[in-house]
Amino acid sequence: MDKIVSARLDPAAVDEMNRAARLLGITKKRFLEEAIRLRAQQIASGEASDVWAQTSGAWKRDEPVATTIRRSRRAFNRAFKRHHGG
């Protein structure tokens, strides 16, 4: 049995989907199902970007460590005071 999925889509994306489905001569349902399957296959086959490669080195900053710590503490203290009245 088919399931109903609800999603808010950008109007331009909906127009593109309608155009593509019409050109291919398939239903929008079939178009979406094929698109989902293609994306899942990309992930399974490793064609999708490597998350480890993207996040490797994420700890490297363009600013000195002391500056990062100072900014982080300042943001934390402001949030703490806002939520706990200080």
Side-chain angles (χ1 to χ4, degrees):
M1 176 185 233
D2 289 343
K3 295 196 177 227
I4 296 173
V5 176
S6 176
R8 293 184 184 275
L9 301 173
D10 179 59
V14 174
D15 290 341
E16 209 170 328
M17 176 187 62
N18 290 335
R19 227 179 350 269
R22 194 171 35 252
L23 285 171
L24 293 168
I26 60 175
T27 63
K28 289 182 276 188
K29 175 184 183 268
R30 182 171 170 198
F31 180 84
L32 289 171
E33 288 172 342
E34 289 179 6
I36 291 166
R37 286 190 185 102
L38 282 171
R39 178 62 81 171
Q41 285 173 356
Q42 285 177 343
I43 294 168
S45 68
E47 291 177 27
S49 59
D50 182 9
V51 173
W52 292 114
Q54 287 180 357
T55 59
S56 178
W59 61 91
K60 295 180 183 174
R61 305 264 183 189
D62 292 335
E63 62 188 11
V65 174
T67 304
T68 302
I69 292 170
R70 192 170 35 255
R71 286 182 336 126
S72 299
R73 284 187 179 156
R74 195 177 318 141
F76 174 82
N77 287 335
R78 270 188 255 135
F80 187 84
K81 287 177 184 176
R82 185 173 59 247
H83 292 291
H84 299 285

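No experiment lies behind these values; they were computed from the predicted model shown. Along the sequence shown, residues are numbered consecutively beginning with 1. Values below: all heavy atoms of this structure, side chains included; hydrogens, waters and symmetry mates excluded.
- Within the model, atoms OG1 of T67 and CG of D62 stand 11.5 Å from one another, a figure rounded to the nearest 0.5 Å.
- A continuous path of hydrophobic side-chain contacts links L32 to L24 [ILVMFWY only; heavy atoms under 4.5 Å].
- The CD1 atom of I69 sits 14.5 Å away from the CZ atom of F76 when rounded to the nearest 0.5 Å.
- Counting non-hydrogen atoms of neighbouring residues, nucleotides and ligands closer than 6.0 angstrom, the CD atom of E16 reaches no more than 12 such neighbours.
- With hydrogens and angles disregarded, a donor-acceptor distance shorter than 3.5 Å links the side chain of S72 to the backbone of T68.
- Here the CZ-CZ distance, from R30 to R37, works out to 10.0 Å after rounding to the nearest 0.5 Å.
- The shortest side-chain heavy-atom distance between E34 and I26 falls under the 4.5 Å cut-off.
- Within the model, atoms NZ of K3 and CE of M1 stand 9.5 Å from one another, a figure rounded to the nearest 0.5 Å.
- Atom CZ in R22 sits 13.5 Å away from atom OG1 in T27 (nearest 0.5 Å).
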